Amino acid sequence: MGESPTAMRAHRDMTTVAIALIPVGIAINYLGKSLAQAVGLPLFLDTIGTMIVAVLVGPWTAAATGLTTNIVYGLTIRPTAIPFGLVNAATGITVGYLARWGWFSSWWRIVVVGVAAAVVNTVLSAPIIVLVFGGFTGSGSDAVTAFFALTGHNILKAVLSTQAIISPTDKILSALIAAVVVRNLPVRLRSRFGSG
Amino acid sequence: MPSLSSYVPRESLVHGLHPVTKLVYVACILALAVVYSTPALLVVLLLATCCVLLAARVLRPAVRIMSRTVLLIALFLFVVRGLAEPGGNVAFALGPLAFKQAGLDVAMLISLRLFIFVAAALTLLLTTYPPYLMAALEEKKLSPRASYVVLSTMQIIPMMQARATAILEAQQARGLDTRGSLLTRVRALFALVGPLVLGSIEGVEARAMAIEARAFLVHHRRTHLYAVATSSVDRVLMVALPVLTFAFATLRFLVR
């Protein structure tokens with residue numbers, strides 16, 4: 001049964017409870033956006049679920065959550081979301097490993113996790129946005145990108161600038177929300193999932 | 001139970017095809033869209049995909065989805081890249097705004113490719129019932145766990161949406177301020193996300209036990225409720241589509 005080390009790590013994370021958590025994580029990702037709109041905040045908040053799974057279970061289950069979130073978006077309302085599956089997955093891996101290494105122990109550390117997630121997100125999504133979509137993704141950030149592009153920056157710089165503004169706020173807030181949620185779970189439930 | 005999907009039930013040739021045939025079709029269209037790099041060829045390809053959508057009797061829902069997603073992107077592309085692309089000659093001018101040819105070309109190529117990609121993807125998504133798609137993929141060795149995750153997600157999202165609305169209204173009835181300053185709104189967010197997420201996660205344990213009781217983790221050949229049939233049309237198309245794609249792609253390189 002020679003599995004590769006990565007596959008073995010993934011399998012170690014994946015108890016039935018972990019697998020049953022993934023759809024809930026995806027649903028939280030999905031609904032994050034509607035909740036942000038209900039409260040009138042101009043953010044995405046589409047990785048809260050991935051981060052919760054990352055802290056509760058582990059990086060690779062969170063990666064699966066992130067990847068499948070975009071596949072489900074693609075299968076249902078936005079086929080244009082599919083190319084970003086790997087970006088969401090990478091966010092899951094980043095947050096998962098940071099959580100494992102103790103970076104969710106204090107509020108300031110959680111902010112750092114948010115920044116790290118924002119960096120990973122920006123670095124990976126900017127090339128996709130520029131090469132596949134020409135710089136615009138049909139979301140609220142397009143206006144910001146348009147502003148930067150029209151004021152003399154090339155399209156890559158415009159996209160990076162947009163991401164640099166929006167991503168940290170989005171990811172830090174998401175990380176904080178994920179941390180608050182996990183802390184408020186009954187201890188019994190946290191240990192049931194794995195990393196705790 | 002309403003499940004989240006874009007499936008539109010109709011009677012058509014495309015609806016009757018095996019899901020993998022449709023996946024092959026999407027892959028072929030994507031390959032051609034990448035190989036073709038002139039607007040003329042891409043427009044022809046786009047028209048071809050629209051004809052398939054018409055044959056599948058889902059053209060109207062498809063156009064609706066395409067205008068919701070790609071049209072806005074195309075608009076931004078033409079306006080912003082048309083105006084902002086550095087260097088190059090001016091195609092035309094509207095008063096003080098000069099649209100560069102290079103920018104418009106890029107916008108045209110990317111927009112056409114995006115429309116083609118979405119049109120092809122919708123040919124699959126609008127004509128395939130998700131459980132059929134998952135059952136067909138499981139036959140091709142997709143892990144049943146992956147299939148469970150996707151289908152389960154599609155079922156719980158509408159449920160959670162209903163709960164989210166209920167929680168929003170309940171909190172507002174308790175005086176939750178969803179207007180006001182930025183800080184107030186962020187606090188409001190916590191008050192909404194908290195109950196929603198905590199309640200859902202607590203249900204996960206019960207789900208896990210339920211699926212374990214149904215032999216979820218067993219590595220054995222499963223019997224599916226939905227039998228996805230492969231017809232002779234499928235067998236022909238599975239060979240014909242890649243061959244035609246290869247032919248068209250090679251043709252394009254020869255007729256430079």
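Reckoned from all heavy atoms, side chains included, excluding hydrogens, waters and symmetry mates. Everything quoted here is computed from the prediction, not taken from an experiment. Letters go in sequence order (proteins before strands), and every chain restarts at 1.
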Quiz item: Under a 4.5 Å heavy-atom cutoff, which of A:Leu173, A:Thr80, A:Ile155 has the most pairs with chain B?
Solution: A:Ile155
Quiz item: Of the listed residues (A:Leu45, A:Ile71, A:Ile26, A:Leu75), which shares the most heavy-atom pairs with chain B below a 4.5 Å separation?
Solution: A:Leu75
Quiz item: Can any side-chain N or O of B:Ser152 pair as donor or acceptor with the backbone N or O of A:Ala20 at less than 3.5 Å?
Solution: no
Exercise. Could you tell me which non-hydrogen atom of A:Thr16 sits nearest to which non-hydrogen atom of B:Phe216, and how far apart they are?
Key: CG2-CD2, 4.2 Å
Quiz item: Tell me, side chain or backbone of A:Leu21 under 4.5 Å from chain B's heavy atoms, or both, or neither?
Solution: both
Self-check item: Minimum heavy-atom distance B:Leu125-A:Gly74, with the two atoms named
Solution: CD1-O, 3.2 Å
Quiz item: Between the side chain of B:Ser200 and the main-chain N/O of A:Val24, is any donor-acceptor distance below 3.5 Å?
Solution: no
Quiz item: For chain A, which of B:Leu122, B:Leu124, B:Ile157, B:Leu151 has the most heavy-atom pairs under 4.5 Å?
Solution: B:Ile157
Quiz item: If you look at every heavy atom in B:Ile110 and A:Phe133, which pair is closest and at what distance?
Solution: CG2-C, 3.7 Å
Exercise. Flag the one option from B:Arg113, B:Arg81, B:Met160 with the top tally of heavy-atom pairs under 4.5 Å to chain A.
Key: B:Arg81
Quiz item: So which of A:Val180, A:Asp142, A:Val17 has the largest heavy-atom pair count under 4.5 angstrom toward chain B?
Solution: A:Asp142
Self-check item: Residue selection (most heavy-atom pairs with chain B, distance under 4.5 Å) from A:Asn184, A:Ile177, A:Ile82
Solution: A:Ile177
Practice problem: Go through B:Thr69, B:Ile211, B:Val106, B:Val197 and name the one with the most non-hydrogen pairs under 4.5 angstrom from chain A. | Solution: B:Val197
Quiz prompt | Backbone N/O of A:Ile19 and side chain of B:Arg145: donor-acceptor pair under 3.5 Å | solution = no
Exercise. Please determine, among B:Val118, B:Ile201, B:Leu168, the option with the most heavy-atom pairs under 4.5 Å with chain A.
Key: B:Ile201
Quiz item: Relative to chain A, which of B:Val79, B:Val149, B:Leu72 shows the most heavy atom pairs under 4.5 Å?
Solution: B:Val149
Practice problem: Examine whether an atom of A:Thr137 lies under 4.5 Å from a heavy atom of chain B, and if so say whether it belongs to the side chain, the backbone or both; otherwise answer neither. | Solution: backbone
Exercise. Determine the option with the most heavy-atom pairs under 4.5 angstrom with chain A, choosing from B:Gln161, B:Arg207, B:Arg68.
Key: B:Gln161
